[in-house]
Amino acid sequence: MKRVFSGVQPTGNLHIGNYLGALKQFVDLQNDNECIYCVVDMHSITVPQDPKELKKHTLDIAALYMAVGLDPKKSIIFAQSMVPGHAELNWVLTCNSYTGELSRMTQYKQKSKGEESAPTGLFMYPVLMAADILLYDTDIVPVGNDQKQHIELARDLATRVNNKYGKTFVVPEGKFMKAGARVMAMDDPTSKMSKSAPNEMSRISLLDEPSKIKKAIMRATTDSEGIVRFDIENKPGVSNLLSIYSAFSGKTIEQLEKDYEGQGYGALKKDLVEVTVDALAPIKANFNEIRESQELIDIMKDGAERANAIATPVMNRVKERFGLGL
Ligand code: AMP
Ligand code: TRP
């Protein structure tokens with residue numbers, strides 16, 4: 001059995017990019033692997049958060065994990081701040097990372113917008129992420145394509161420590177979906193769908209009403225060619241719709257191109273609304289039930305205990321290798 005770890009930040013409602021790029025893989029992996037899924041609340045305080053909202057969002061994400069099909073009997077579900085090893089290992093890895101490599105992280109460059117002084121937490125974000133992964137001797141990390149560079153850093157840090165201090169960490173592998181690894185914004189198919197874009201119609205959230213889903217898809221940016229064909233470079237909008245359709249329905253892109261031969265974008269969009277609404281309906285129903293239940297907190301406490309039991313021997317091994325403590 002392989003060990004799987006991944007995390008999602010408790011900021012805002014999750015969208016279909018998060019689902020198709022990450023969460024759907026989480027569910028697929030849980031039957032044949034030992035899976036640990038974390039709500040990374042310490043990552044979200046790299047930018048200011050309202051404390052009450054943060055707690056609420058942490059529970060929201062844990063409930064969404066279960067609503068999409070994660071089973072707390074099979075998968076460990078908890079919040080990052082409930083296991084102290086994340087912060088401890090973060091420091092050890094910090095002392096083995098370089099400002100040069102961290103300055104090269106594209107996400108940091110985008111978020112700090114080239115300002116000379118940026119929040120240190122944003123800069124350190126990828127090291128904490130590496131700590132999350134390495135703390136559990138993780139083999140596989142299912143994530144969206146935007147996390148590739150961060151996974152590379154985790155691998156580099158693991159290898160660096162192993163070479164210097166003797167075998168300490170498992171070197172993890174990223175796992176990316178074929179369809180859905182990069183869902184683009186509905187209003188601008190050249191940028192990825194994000195939780196924070198100002199235009200609500202740019203994304204489809206997992207808990208959106210059918211009327212909102214319909215609006216966002218029917219208004220989605222396409223092109224003037226009128227032929228349903230996958231071509232990311234020249235037809236990013238239509239290609240994005242086809243990718244989403246394929247990921248939700250399980251039909252291949254080739255099949256979809258055939259199905260819509262001779263039909264315009266209207267037909268494609270209309271059917272995609274139906275496919276999307278049908279796929280999200282059970283998630284929404286499950287979410288409301290789980291989020292209301294008292295069990296949710298117990299599940300996370302139990303998850304944190306199980307996670308801690310895996311993390312403690314790894315952290316002890318790290319301390320031993322580095323000569324920390326007695
Ligand atoms: P975040 O919301 O940034 O914590 O992302 C949670 C997970 O969703 C990560 O694995 C991301 O790589 C993935 N993700 C975020 N946005 C997208 C997107 N537009 N397409 C595919 N995957 C995404
Ligand atoms: N950085 C990830 C994102 O924004 C979230 C994350 C934090 C994560 N720690 C992780 C993902 C460890 C995978 C493994 O999506």
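Just so you know, these numbers come straight off a predicted model, no measurement behind them.
Taking each heavy atom of Leu93 and Ala130 in turn, the nearest pair found is CD1-C, 3.8 Å. Between Gly85 and Met315 the shortest heavy-atom distance is O-SD, 4.2 Å. Across Leu23 and Leu14, no two heavy atoms sit closer than the pair CD2-CD1, 3.8 Å. The shortest non-hydrogen separation linking Phe248 to Ala279 is CD2-CB, 3.5 Å. Summarising the geometry of Ser6 relative to Tyr65, their closest heavy-atom pair is O-OH, 4.4 Å, with the distance given to 0.1 Å. Taking each heavy atom of Asn96 and Glu101 in turn, the nearest pair found is O-OE2, 4.3 Å.
Met186 is connected to Leu268 through a chain of hydrophobic side-chain contacts under 4.5 Å among Ile, Leu, Val, Met, Phe, Trp and Tyr, so both are in one cluster. The hydrophobic cluster containing Ile253 also contains Val275, counting ILVMFWY residues as joined when their side-chain heavy atoms lie under 4.5 angstrom apart, directly or transitively. Hydrophobic clustering of Ile, Leu, Val, Met, Phe, Trp and Tyr side chains at less than 4.5 Å, counting indirect connections, keeps Leu206 apart from Met201.
At most 12 heavy atoms of other shown residues, nucleotides or ligands fall within 6.0 angstrom of atom CD in Glu295. Residue-environment remark: NZ (Lys284) exceeds the threshold of 12 foreign heavy atoms within 6.0 Å. Around NZ of Lys301, the count of heavy atoms belonging to other residues, nucleotides or ligands within 6.0 Å does not exceed 12. With a 6.0 Å radius and a threshold of 12 heavy atoms from other residues, nucleotides or ligands, Glu289 has its CD atom at or below the threshold. Within a 6.0 Å sphere centred on CD of Glu320, other residues, nucleotides and ligands contribute 12 heavy atoms or fewer. Within a 6.0 Å sphere centred on CG of Leu324, other residues, nucleotides and ligands contribute more than 12 heavy atoms. In this structure, Lys195 places its NZ atom where more than 12 heavy-atom neighbours from other residues, nucleotides or ligands lie under 6.0 Å away. Heavy-atom contacts from other residues, nucleotides or ligands closer than 6.0 Å to NZ of Lys235 number more than 12.
Figure legend: Lys148 and Phe176 shown as a cation-pi pair, the cationic atom lying under 6.0 angstrom from the six-membered ring centre and within 45 degrees of its axis.
Taken to the nearest 0.5 Å, the OG1 atom of Thr276 stands 6.0 Å off from the CD1 atom of Ile16. In this structure, the separation between CG on Leu241 and CE on Met184 is 12.0 Å, given to the nearest 0.5 Å. Arg203 CZ to Ile213 CD1: the interatomic distance, rounded to the nearest 0.5 Å, is 13.5 Å. Atom CD1 in Ile77 sits 8.5 Å away from atom CZ in Arg306 (nearest 0.5 Å).
Between Tyr108 and Tyr125, a ring centre-to-centre spacing not shorter than 6.0 Å is recorded.
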Begin from the C-alpha positions of Asp137 and Arg317 and carry the test salt bridge (charged side-chain N to carboxylate O under 4.0 Å, His left out) through to its verdict. CA-CA 11 Å; Asp137 285 342; Arg317 186 199 310 147; 2.8 Å; yes
- Task: Check the pair Lys214, Glu209 against salt bridge (charged side-chain N to carboxylate O under 4.0 Å, His left out), reporting the backbone distance first and the verdict last.
- Result: CA-CA 9 Å; Lys214 184 173 179 193; Glu209 294 299 332; over 6 Å; no
### Query
Hey, mind stepping through Asp50 and Lys52 against salt bridge (charged side-chain N to carboxylate O under 4.0 Å, His left out) and telling me if it holds?
CA-CA 6 Å; Asp50 176 84; Lys52 276 210 188 93; over 6 Å; no
Between Asp71 and Gln30, does a side-chain hydrogen bond (donor to acceptor under 3.5 Å, both in side chains) hold up when you go through it step by step?
CA-CA 8 Å; Asp71 175 353; Gln30 74 177 343; 5.7 Å; no
Stepwise side-chain hydrogen bond (donor to acceptor under 3.5 Å, both in side chains) test for Ser44 and Asp41: CA-CA 5 Å; Ser44 57; Asp41 52 352; over 6 Å; no
Checklist entry - Given the rule in the salt bridge (charged side-chain N to carboxylate O under 4.0 Å, His left out) test, do Glu88 and Lys319 qualify, once you have shown the distances and angles that lead to the verdict? => result CA-CA 10 Å; Glu88 276 186 284; Lys319 287 180 181 166; 2.9 Å; yes
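Note: Tyr37 and Phe26 have parallel aromatic rings, judged against thresholds of 30 and 60 degrees for the angle between ring planes.
In this structure, Ser112 contributes its side chain and Glu115 its backbone to no donor-acceptor pair below 3.5 Å. Under the 3.5 Å distance criterion, the side-chain polar atoms of Arg155 are left unmatched by any main-chain donor or acceptor of Gly174. With hydrogens and angles disregarded, no donor-acceptor distance shorter than 3.5 Å links the side chain of Lys175 to the backbone of Val141. Under a 3.5 Å cut-off, the side chain of Asp139 and the backbone N or O of Arg3 do form a donor-acceptor pair. Between the Asp223 side chain and the Glu225 main chain, a donor and an acceptor come within less than 3.5 Å of each other.
If you check the side chains of Thr221 and Asp187, you find no donor sitting under 3.5 Å from an acceptor. A donor-acceptor contact closer than 3.5 angstrom links the side chains of Gln149 and Thr106. Side-chain polar atoms of Gln255 and Asp259 form a donor-acceptor pair below 3.5 angstrom. No side-chain donor from either of Ser243 and Asn240 sits under 3.5 Å from a side-chain acceptor of the other.
One finds a salt bridge joining Asp60 and Lys56 here, because a Lys/Arg side-chain nitrogen approaches an Asp/Glu carboxylate oxygen to under 4.0 Å.
Remark: Tyr19 pairs with no residue by the side chain to side chain donor-acceptor pair (under 3.5 Å) rule, at least two apart or across chains.
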